[in-house]
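Report on one structure; see the data block that follows.
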Amino acid sequence: MNDFRLRLPVFIALLIIGGGLGGCANLGDGAVSGAFVDPAAYDLYDCPQLDAQRKYLATRTAELQGLIEKAHTGVAGTAVAELAYRNDYITTRASAKLADETWRKNKCDQASAAQETPAGDPRR
């Protein structure tokens, strides 16, 4: 009976910690994920720069998703995926969401993004 009294608090603590970590694992594209990026990160980007950044973030998101799925196939894969890739995945998704919002706010489209940014003033 005395052994049970010692193990009960440890068991409860492990349940609380596990629940907390499980809550972090489900953090996705919600409002809290925006805390992982600077809200003004893309304010000074023009349309071609935003286009390049959006493409990079889409590629990086797909790469991280593939790594997470691959980790799930191994021994203790869920833990490895959460510890190794989840924070980077959440940050990348939040950055992509912010870049898309800035893209829409700046009224960019593919035609304007295809135009090159002038290298300098031609009058010099």
Side-chain angles (χ1 to χ4, degrees):
M1 182 72 175
N2 196 16
D3 190 35
F4 176 73
R5 287 184 192 178
L6 293 176
R7 289 185 186 186
L8 185 62
V10 172
F11 179 72
I12 291 172
L14 288 174
L15 282 176
I16 291 170
I17 291 171
L21 290 175
C24 291
N26 291 329
L27 182 66
D29 291 330
V32 178
S33 67
F36 286 83
V37 294
D38 177 15
Y42 303 116
D43 283 353
L44 299 178
Y45 280 46
D46 59 11
C47 291
Q49 291 171 321
L50 278 171
D51 187 45
Q53 187 66 17
R54 289 172 70 225
K55 288 176 183 173
Y56 164 75
L57 291 169
T59 302
R60 181 69 179 147
T61 300
E63 176 186 344
L64 287 168
Q65 183 64 39
L67 290 169
I68 289 170
E69 289 172 5
K70 183 178 178 183
H72 280 280
T73 62
V75 176
T78 302
V80 170
E82 295 301 320
L83 292 173
Y85 305 118
R86 182 61 66 178
N87 285 342
D88 197 17
Y89 179 75
I90 291 169
T91 302
T92 304
R93 290 287 306 258
S95 294
K97 184 177 177 184
L98 181 62
D100 288 340
E101 288 171 2
T102 306
W103 176 270
R104 285 189 297 278
K105 183 179 77 175
N106 290 351
K107 298 180 179 147
C108 296
D109 59 10
Q110 294 301 327
S112 66
Q115 297 174 356
E116 290 189 26
T117 306
D121 190 356
R123 294 179 280 166
R124 286 189 180 175

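No experiment lies behind these values; they were computed from the predicted model shown.
- Taking CD1 of Ile90 as the start and OG1 of Thr61 as the end, the distance is 11.5 Å to the nearest 0.5 Å.
- Qualifying salt bridge (Lys or Arg N to Asp or Glu O under 4.0 Å) partners for Glu63, counting only residues two or more places apart in sequence or in other chains: Arg60.
- When all heavy atoms of Val37 and Ser95 are compared, the closest pair comes out as CG1-OG, 3.0 Å.
- With salt bridges taken as basic N to acidic carboxylate O contacts below 4.0 Å, one links Asp51 and Lys55.
- A pairwise comparison of heavy atoms in Cys108 and Leu50 identifies SG-CD1, 4.2 Å as the closest pair.
- The ring pair (Phe, Tyr, Trp, His ring centres under 6.0 Å) analysis of residues 40-64, with sequence neighbours excluded, yields the pairs Tyr42-Tyr45.
- Note that the CG atom of Leu98 and the CG atom of Asp38 stand 8.0 Å from one another [nearest 0.5 Å].
- The shortest distance between side-chain heavy atoms of Lys105 and Asp43 falls below 4.5 Å.
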Cut-off 3.5 Å, no hydrogens considered: what does the side-chain donor-acceptor table look like for residues 68-80, sequence neighbours left out?
residue : atom : partner : partner atom : Å
Glu69   : OE2  : Gln65   : NE2          : 3.1
His72   : ND1  : Thr78   : OG1          : 3.4
Thr73   : OG1  : Lys70   : O            : 2.5

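- Rounding to the nearest 0.5 Å places OG1 of Thr91 at 6.0 Å from CG of Asn87.
- Between Thr102 atom OG1 and Arg54 atom CZ the span is 10.0 Å, to the nearest 0.5 Å.
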